[in-house]
Amino acid sequence: METERPAKLEFAVQMTCQSCADKVRAAVEGKPGVHSVAIDVAKEEVLVESTLTTAEVQALIESTERRAVLKGIGGSEPDLGAAVAMLAGAGKIQGVVRFLQLSAERCLIDGTVDGLQPGPHGLHVHTLGDLTNDCLSCGDHYNPYGKPHGGPGDSNRHVGDLGNIVAGADGRASFRLEEDQLKVWDVIGRSLVVDAGEDDLGRGGHPLSKLTGNSGERLACGIIARSAGLFQNPKQICACDGVTLWEERDRPIAGKGRNKTNTETPAAHL
């Protein structure tokens with residue numbers, strides 16, 4: 001099995017002095033999975049090279065009681081492409097999943113989804129970036145070569161077959177996958193879908209096993225859109241609604257509660 005490749009994660013972190021930076025460095029540097037840490041207090045910037053998930057690195061930084069916001073993600077080879085899917089669905093399910101092309105052959109998929117029932121849930125890229133009928137209009141699994149459904153380690157599978165993510169007792173699934181079939185430039189404009197049940201990876205013997213993995217209804221979905229790479233997101237505030245970088249995490253992506261006047265205003269994301 002190929003060794004995991006580190007990604008470079010750019011965080012904006014509330015820091016006002018060198019003491020703040022020292023505490024952040026002590027919390028992150030040397031931890032398993034962390035390769036390097038670079039901190040710029042003046043820019044309130046922390047750059048971490050790591051094989052951990054973005055959520056795990058953010059948790060390490062925020063253990064110092066300083067807020068952190070992921071601003072960019074990159075690899076050792078620049079400008080190969082990055083994308084993001086903002087997931088929403090039934091009940092309080094929401095999540096963010098990022099795609100980074102690490103090399104011509106390897107794509108990193110890093111995400112966190114909250115509000116799920118504990119246990120495994122199928123994760124797939126679907127052909128259409130169409131949410132007009134919620135997740136039902138996303139089309140079939142992305143399968144440009146007409147292959148049967150399978151699992152991430154299979155050569156004979158849909159390109160969009162990403163296996164399962166597993167939610168803990170708190171309803172959160174945090175994951176990091178590396179893919180050799182999926183390419184960022186092929187999935188931008190398509191959709192990412194989380195299913196209600198476990199994907200049997202085509203091995204379950206059910207009539208749907210070789211079609212969908214028999215993973216049940218579509219719980220949450222989002223369109224895969226191009227996103228900022230390293231140092232490509234200089235914004236500190238959304239001009240459309242006055243939401244600052246630090247307020248962004250605590251507010252809805254759009255709608256009621258998003259802007260300072262609590263009206264139904266869609267947002268241009270940071």
Side-chain angles (χ1 to χ4, degrees), residues 4-84 86 94-103 108-112 114 172 174-176 184 225-253 257-260 267-270:
E4 283 189 311
R5 300 190 185 190
K8 296 177 181 178
L9 309 177
E10 177 197 0
F11 289 91
V13 180
Q14 289 180 312
M15 297 180 292
T16 58
C17 61
Q18 187 58 43
S19 175
C20 300
D22 292 343
K23 290 178 180 178
V24 170
R25 185 179 297 279
V28 180
E29 196 169 55
K31 297 298 189 292
V34 175
H35 291 229
S36 66
V37 180
I39 300 176
D40 189 321
V41 176
K43 294 181 180 179
E44 293 188 299
E45 176 185 282
V46 176
L47 184 65
V48 180
E49 187 174 16
S50 176
T51 56
L52 299 176
T53 67
T54 55
E56 288 171 328
V57 175
Q58 183 168 328
L60 289 173
I61 296 171
E62 293 193 335
S63 70
T64 66
E65 299 184 353
R66 283 157 185 82
R67 307 197 75 186
V69 176
L70 182 67
K71 293 185 69 177
I73 184 169
S76 57
E77 300 181 38
D79 302 324
L80 291 181
V84 63
M86 310 292 290
Q94 59 182 357
V96 180
V97 180
R98 299 179 184 274
F99 299 77
L100 173 67
Q101 198 68 36
L102 292 168
S103 69
L108 169 67
I109 304 164
D110 176 287
T112 300
D114 287 310
R172 166 168 285 194
S174 183
F175 55 94
R176 187 186 196 275
V184 166
R226 184 186 179 279
S227 70
L230 289 177
F231 316 120
Q232 294 178 352
N233 183 8
K235 293 183 180 179
Q236 296 292 325
I237 189 167
C238 281
C240 61
D241 53 19
V243 175
T244 69
L245 179 70
W246 310 112
E247 294 170 322
E248 174 84 0
R249 284 192 345 173
D250 301 328
R251 300 189 181 218
I253 296 169
R258 166 65 191 188
N259 67 6
K260 291 179 182 285
H269 306 306
L270 292 170

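Checked against side chain to side chain contact (heavy atoms under 4.5 Å, CB included), A27 has the following partners two or more places apart in sequence or in another chain: S63, T64. For R176, the salt bridge (charged side-chain N to carboxylate O under 4.0 Å, His left out) criterion is met by E4, E178, not counting sequence neighbours. Shown here are the side chain to side chain donor-acceptor pair (under 3.5 Å) partners of R66, two or more places apart in sequence or in another chain: there are none. In terms of the side chain to side chain contact (heavy atoms under 4.5 Å, CB included) criterion, residue partners of E56 (sequence neighbours excluded) are, by chain and number, L52, T53. Contacts of V184 classified as side chain to side chain contact (heavy atoms under 4.5 Å, CB included), with partners at least two apart in sequence or in another chain: A83, F99, Q101, C107, I188.
From Q94, atom CD reaches atom OG1 of T112 across 11.0 Å, with rounding to the nearest 0.5 Å. A distance of 5.5 Å separates CG in D110 from CD1 in I73, rounded to the nearest 0.5 Å. Summarising the geometry, atom CD belonging to E10 is positioned 10.5 Å from atom CG belonging to D40; distances are rounded to the nearest 0.5 Å. Here E44 contributes atom CD and R67 contributes atom CZ; the two are 12.5 Å apart, rounded to the nearest 0.5 Å. For the atom pair NE2 (H35) and OG (S50), the distance works out to 6.5 Å, reported to the nearest 0.5 Å.
In this structure, a donor-acceptor pair under 3.5 Å is absent between the side chains of S227 and R98.
No more than 12 heavy atoms of other residues, nucleotides or ligands sit less than 6.0 Å from atom CD of E65.
Note on residues 12-25: pairs passing salt bridge (charged side-chain N to carboxylate O under 4.0 Å, His left out), not counting sequence neighbours, are R25-E29.
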For the pair V84 and V97, evaluate side-chain contact (heavy atoms from CB on, under 4.5 Å) and give the outcome as yes or no after the intermediate values. CA-CA 6 Å; V84 63; V97 180; over 6 Å; no
Using the rule given for side-chain contact (heavy atoms from CB on, under 4.5 Å), can you reason through L9 versus L70, listing the C-alpha separation, both sets of side-chain angles and the distance that settles it, and then say yes or no? CA-CA 7 Å; L9 309 177; L70 182 67; 4.1 Å; yes
Would you check, one step at a time, whether the test side-chain contact (heavy atoms from CB on, under 4.5 Å) holds for L47 with F11? CA-CA 6 Å; L47 184 65; F11 289 91; over 6 Å; no
Let me see the working for V28 and I61 under side-chain contact (heavy atoms from CB on, under 4.5 Å), right down to the final yes or no. CA-CA 6 Å; V28 180; I61 296 171; 3.8 Å; yes
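The shortest side-chain heavy-atom distance between V13 and E62 does not fall under the 4.5 Å cut-off. The shortest side-chain heavy-atom distance between Q18 and V41 falls under the 4.5 Å cut-off.
Residue M15 comes nearest to E45 through the heavy atom pair CE-N, 3.7 Å, listed as atom of the first residue, atom of the second, then distance. Here the closest heavy-atom approach between residue A82 and residue L100 is recorded as CB-CD1, 4.3 Å.
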